[in-house]
Amino acid sequence: MPPTKDVDKNATDHLVEKYIEENDVMIFSKTWCPYCTKIKNALKSAKIEFYSIELDKMAEGDDIQEALIKKTEQETVPNIFIKQQHIGGCDKTLAALKSGRVAALLSPPEPEAKHQKLEDDALDSYDYDLIVIGGGSGGLACSKEAQSFGKKVCVLDFVKPTPIGTTWGLGGTCVNVGCIPKKLMHQAALIGEYAQDATDYGWAQLEQARQHNWSKMIESIQMYIRSLNFKYRVDLRSKGVVYENSYGEFVSPHRLKITDKKGQSKEITGEKIVVAVGGRPKYPDIEGDKQYGITSDDLFSLKYDPGKTIVVGASYVALECAGFLHGIGREVQVFVRSILLRGFDQQMASKIGDYMSAIGIKFSHQTVPIRLECLEEGKPGKLRLHYRQTLESGEVKESYEDCNTVLFAIGREACTNELHMDKIGFDLKKANGYKIKTREEQSTQIPWLYAIGDCIDDETMPPGQPLELTPVAIQAGQLLARRLFSDSSLKMNYYNVATTVFTPIEYGAIGYSEEDALSKFGEENIDIFHSEFVPLEWSICHHREQVKNMSYCKLIVEKKTDRVIGFHVLAPNAGEITQGYAVGMRLGATKADFDMTVGIHPTCSENITTLSVTKSSGESATQEGC
Ligand code: FAD
Ligand code: NDP
């Protein structure tokens, strides 16, 4: 229906609001638009009443469209609102119809029926249908999805400063101190390499490009991160999710005490609570670690050039940070306690080590730090890291290495131990360290409590793979919200999750490592196809001479079914390559499917579609030319 009350004709914003307020399903449409017709027909078939206006037939149509763009950032029609919530265009509304979101919005649960099936410790009423503790990748995704079903949602996010005082804004690890700044710094390093390639491609010496300015890089990256922090806050506000920049802890079932940075506290209650508190870096618990050392939580916003850096640790974070620090011209040494990239295919891990050594990164194997002392204060200062190393002979030696910065990258700890979960009868110690043990539905032993993201240990995850990854947290959060608040039953599948380690040469992996495949299926039941190849773009670059043969790919195939159960590629842009193949692996692609896929020439990725040499054949895996 058109707005009931008189409205000032000039106040188009107000007019738009009235249309949205007074119609449960409001469509801003144009007569000639096929998508407008499509969605109207779909709503009619679903027997859902709607009201639409045709902007191309109204004198004020253009003004209304402008007001809609301002409100929704959507420039096209149909522009659809259901129960005052912006849904989007035709496709998003069709998806909302399919997922049950439209039905959930139009028929919210009866207030009196709402708490029918609550457990013994239920309250009479709650401030929120859902409280999410932690506004990182998983928490934000879950809270926004829950709100889209018309639920009253609050998300808490609070960052405790690091020992040297670093802190950051809304969005969690990925945006502030993880994937985003890491990938941008990886890119900074790659640009340095391209600058070296340039002369062979006919460009004048780009020596200046080799002089890297740490502060400029930090400034650009931090400015971008701040813009993301702002966008997330605005997004929550515009969607109607309540954001509290406060630390949450349980005081009793369904009830949290939340404390802001001024130390002011209040209590809030939630019918359902999702814990999405992520993790923070560990320290090795040696003298001087927190006083003089830093972690990835500090590195990405470090105000001063780190200079010569010792990286302690040998997994994802350590190798990626060591890689980009070296790439932007800093001296780097990596202290490896045992092996590189525990849990990953060890042939690939050792190839990464070989590559990083070949480009000049030093590795000290079987080495652990024992004391960190400061020789000279400064930014950076001079530090001395005392260490213990077990030599190949078995002899243990103690020595030290001087540097400007020590970066501890020795793993992460779930932020669960200060949530006071004992107050709701949840014994964390019983659940694999401090991680929250979850079942397939991200549910816990407590019926109204759920957990997602880096802080969980889900019983359906592949053994030994914690899958602490942003897209995993996001998908688990969205699926959980859909299951909780609509008729969706789709569960998170932790198998065949693709991942990439952004080392100087990237490594992409999906599915089984060679070791795991051998132990699960037996050597006689699998074939391993592999190839060593030269990325074409490197073939004319003199500075790559030593490493140009080090790109490699392998497929692990179960003989009985011909299914590809392991995918591994070490190559430039392996992240981009691997994502596409992940779809094939999800669909159960066989080796024959890979072979029948016509390659794109000339790319690194095409090598994966032409693999014919098996490891067991003993033939050379080196590709020559095209
Ligand atoms: P987080 O994003 O950590 O969010 C949790 C939030 O909760 C934080 O903001 C925290 O401060 C807050 N919080 C904690 N306790 C409370 C409380 N009691 N009250 C209120 N708020 C609280 N993954 C990838 O997929 N690709 C990558 O390339 C990648 N690179 C990475 C690089 C680094 C250096 C690191 C450290 C991680 C990287 N990851 C990467 C992993 C990825 O960042 C995490 O898997 C992801 O951020 C986990 O999301 P989450 O929602 O579980 O937790
Ligand atoms: P991990 O737990 O994967 O690795 C910890 C590393 O530190 C291991 O090499 C371990 O050695 C070593 N270590 C542990 N304690 C000590 C010690 N006291 N002294 C010396 N070395 C020690 O942690 P990360 O922080 O690297 O990664 C955490 C998670 O973050 C990963 O599981 C990953 O899911 C996610 N991540 C994802 C990225 C991506 O997708 N590209 C990038 C970065 C992180 P040992 O093997 O001997 O135990």
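Both counts, for ligands and for their atoms, begin at 1 and track the order of listing.
- Every residue two or more places apart in sequence or in another chain that forms a side chain to side chain contact (heavy atoms under 4.5 Å, CB included) with S513 is listed here: D345, E515, D516.
- Within 6.0 Å of the OH atom in Y400, the count of heavy atoms belonging to other residues, nucleotides or ligands does not exceed 12.
- Of the listed residues (T416, V277, V317, D454), the one carrying the non-hydrogen atom nearest atom 15 (N) of ligand 1 is V277.
- Remark: ligand 1 and T173 share an N or O pair separated by less than 3.5 Å (distance only, no angle test).
- Looking at ligand 1, you won't find any N or O of G453 less than 3.5 Å from one of its N or O atoms.
- Under the 4.0 angstrom criterion for non-hydrogen atoms, K182 is in contact with ligand 2.
- By the criterion of a heavy-atom distance under 4.0 Å, the backbone of T500, and not its side chain, is placed next to ligand 2.
- No part of E418 comes within 4.0 Å of ligand 1, judged by heavy-atom distances.
- Between L469 and ligand 1, an N or O atom pair is found at a separation short of 3.5 Å.
- In the vicinity of F502, heavy-atom distances shorter than 4.0 Å reach the ligand 2 atoms 41 (N).
- Within the structure, ligand 1 has S246 among the residues with a heavy atom less than 4.0 angstrom away.
- Residue E320 has at least one heavy-atom neighbour below 4.0 Å for each of these atoms of ligand 2: 39 (C), 41 (N), 42 (C), 43 (C).
- Under the 4.0 angstrom criterion for non-hydrogen atoms, Y316 is not in contact with ligand 1.
- At a heavy-atom distance under 4.0 Å, only backbone atoms of A409 (N, CA, C or O) approach ligand 2.
- For the atom pair CE of M421 and CD1 of I436, the computed distance is 4.0 Å after rounding to the nearest 0.5 Å.
- Among the atoms of K182, some N or O lies under 3.5 angstrom from an N or O of ligand 1.
- Nearest residue to atom 8 (C) of ligand 1 from I474, I180, D157 is D157 (criterion: closest heavy atom).
- At a 4.0 Å heavy-atom cut-off, ligand 1 touches C179 through backbone and side chain alike.
- Between Y316 and F344, the ring center distance clears the sub-6.0 Å criterion.
- For the residues C174, G178, P471, the heavy atom positioned nearest atom 47 (O) of ligand 1 is part of C174.
- For a threshold of 3.5 Å applied to N or O pairs, the pair formed by P284 and ligand 2 contains no separation below that value.
- Residue T470 holds the heavy atom nearest to atom 46 (C) of ligand 1 of all those in T470, V175, L467, I456.
- No heavy atom of L170 sits closer than 4.0 Å to any atom of ligand 1.
- For E320, no nitrogen or oxygen atom sits less than 3.5 Å from a nitrogen or oxygen atom of ligand 1, counting backbone and side chain alike.
- By the side chain to side chain contact (heavy atoms under 4.5 Å, CB included) test, S519 pairs with no residue at all, sequence neighbours left out.
- The shortest heavy-atom distance from E249 to ligand 1 is not under 4.0 Å.
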